Amino acid sequence: DQQVKQNSPSLSVQEGRISILNCDYTNSMFDYFLWYKKYPAEGPTFLISISSIKDKNEDGRFTVFLNKSAKHLSLHIVPSQPGDSAVYFCAASDGSYKYIFGTGTRLKVLA
Amino acid sequence: NAGVMQNPRHLVRRRGQEARLRCSPMKGHSHVYWYRQLPEEGLKFMVYLQKENIIDESGMPKERFSAEFPKEGPSILRIQQVVRGDSAAYFCASSPTGQPFSQGEQYFGPGTRLTVT
């Protein structure tokens with residue numbers, strides 16, 4: 001039972017363009033969402049988060065959008081840089097410490 | 001470097017042996033979480049510990065797996081009589097409180113990659 005889904009296992013984007021990573025969830029009790037970035041042989045690094053009372057949160061080149069009615073969130077990276085190439089995990093929580101992770105999307109930014 | 005530390009980074013065990021994975025949380029963090037990532041899957045919660053207490057072990061297999069976080073020293077995830085299906089990356093995370101959303105997120109270590117042959 002996959003409560004958090006990232007349906008695109010991979011994405012390639014040209015440097016300077018926008019990267020859009022998508023995430024869907026099924027549990028309406030989730031009220032906090034996070035994005036983590038992971039390089040090979042390293043642990044996930046927290047990137048950005050959003051609570052369910054908001055529909056957008058921005059931090060520099062990274063913006064997360066939340067559509068509660070569609071149970072969908074997305075991460076926008078503008079402009080994309082080669083150093084952004086990594087696996088991006090979406091995670092959700094019902095407010096507890098227990099994060100539910102998606103399977104990840106591998107982003108490749110082409111120079 | 002005050003980040004979350006895990007060792008060993010790579011561990012190879014034969015079937016039936018024991019695996020011990022260690023995690024030292026960030027300085028000032030007293031809450032530790034263990035996650036497991038199987039190939040091609042996301043991270044899955046295993047157990048949440050505070051010093052000398054297991055708070056939630058609902059994600060941990062009932063048999064062969066145990067975890068502790070003693071008053072002194074690192075948190076230990078122990079897997080007895082390993083089987084091939086235990087091969088995975090095991091990540092530890094820490095937070096300063098048990099409500100990471102109010103005062104900080106969970107910070108992850110680099111992981112231990114366990115291979116069972």
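Just so we're clear, the structure is a prediction, and the values are computed from it rather than from any experiment. Quick note on labels: first sequence line is chain A, next is B, and so on, each numbered from 1.
- Surrounding CD of B/Gln81 are at most 12 heavy atoms belonging to other residues, nucleotides or ligands under 6.0 Å away.
- When each of B/Ser94, B/Pro74, B/Pro25 is checked for a side-chain contact (heavy atoms from CB on, under 4.5 Å) with B/Phe69, only B/Pro25 meets the rule.
- Atoms CE and OG, on B/Met60 and B/Ser66 in that order, are 6.5 Å from each other to the nearest 0.5 Å.
- In terms of heavy atoms, B/Ile76 sits closest to B/Trp34 at C-CZ2, 4.3 Å.
- Panel note: side chain B/Gln50, backbone B/Val32; no donor-acceptor pair is recorded below 3.5 Å.
- For an aromatic pair to be called close, the ring centres must be under 6.0 Å apart, and B/His31 with A/Tyr97 fails this.
- Residues of residues 40-63 of chain A that come closer than 4.5 Å to chain B, counting heavy atoms only, are A/Ala41, A/Glu42, A/Gly43, A/Pro44, A/Phe46, A/Ser49, ordered by residue number.
- Side chains of A/Lys68 and A/Ser28: a donor-acceptor N/O pair is absent below 3.5 angstrom, by distance only.
- Between B/Tyr35 and A/Phe101, the two ring planes are perpendicular [angle over 60°; tilted spans 30° to 60°].
- Under the ring-ring contact (aromatic ring centres under 6.0 Å, His included) criterion, the residue pairs touching residues 68-90 of chain A are A/Phe65-A/His76, with sequence neighbours excluded.
- Contact check on A/Lys71 versus A/Asp24 returns no salt bridge, with no Lys/Arg side-chain nitrogen under 4.0 Å from an Asp/Glu carboxylate oxygen.
- Taking 4.5 Å as the heavy-atom cut-off, none of the residues of residues 16-23 of chain B approach chain A.
- Within residues 110-117 of chain B, the residues having any heavy atom less than 4.5 Å from a heavy atom of chain A are, in residue-number order, B/Pro110, B/Arg113.
- The two residues B/Leu38 and B/Ala88 make their nearest non-hydrogen contact at CD2-CB, 3.7 Å.
- Only the side chain of B/Gln37 has a heavy atom closer than 4.5 Å to any heavy atom of chain A.
- Using the six-membered ring where Trp is involved, B/Phe108 and A/Tyr36 have ring planes that are perpendicular, over 60° apart on the 30 and 60° scheme.
- Proximity to chain B is absent for every atom of A/Tyr39, based on heavy atoms less than 4.5 angstrom apart.
- With hydrogens and angles left out, the side-chain atoms of A/Thr105 and A/Ser8 include no donor and acceptor closer than 3.5 Å.
- Outside the 6.0 Å centre-distance limit, the rings of B/Tyr33 and B/Phe91 are not counted as a close aromatic pair.
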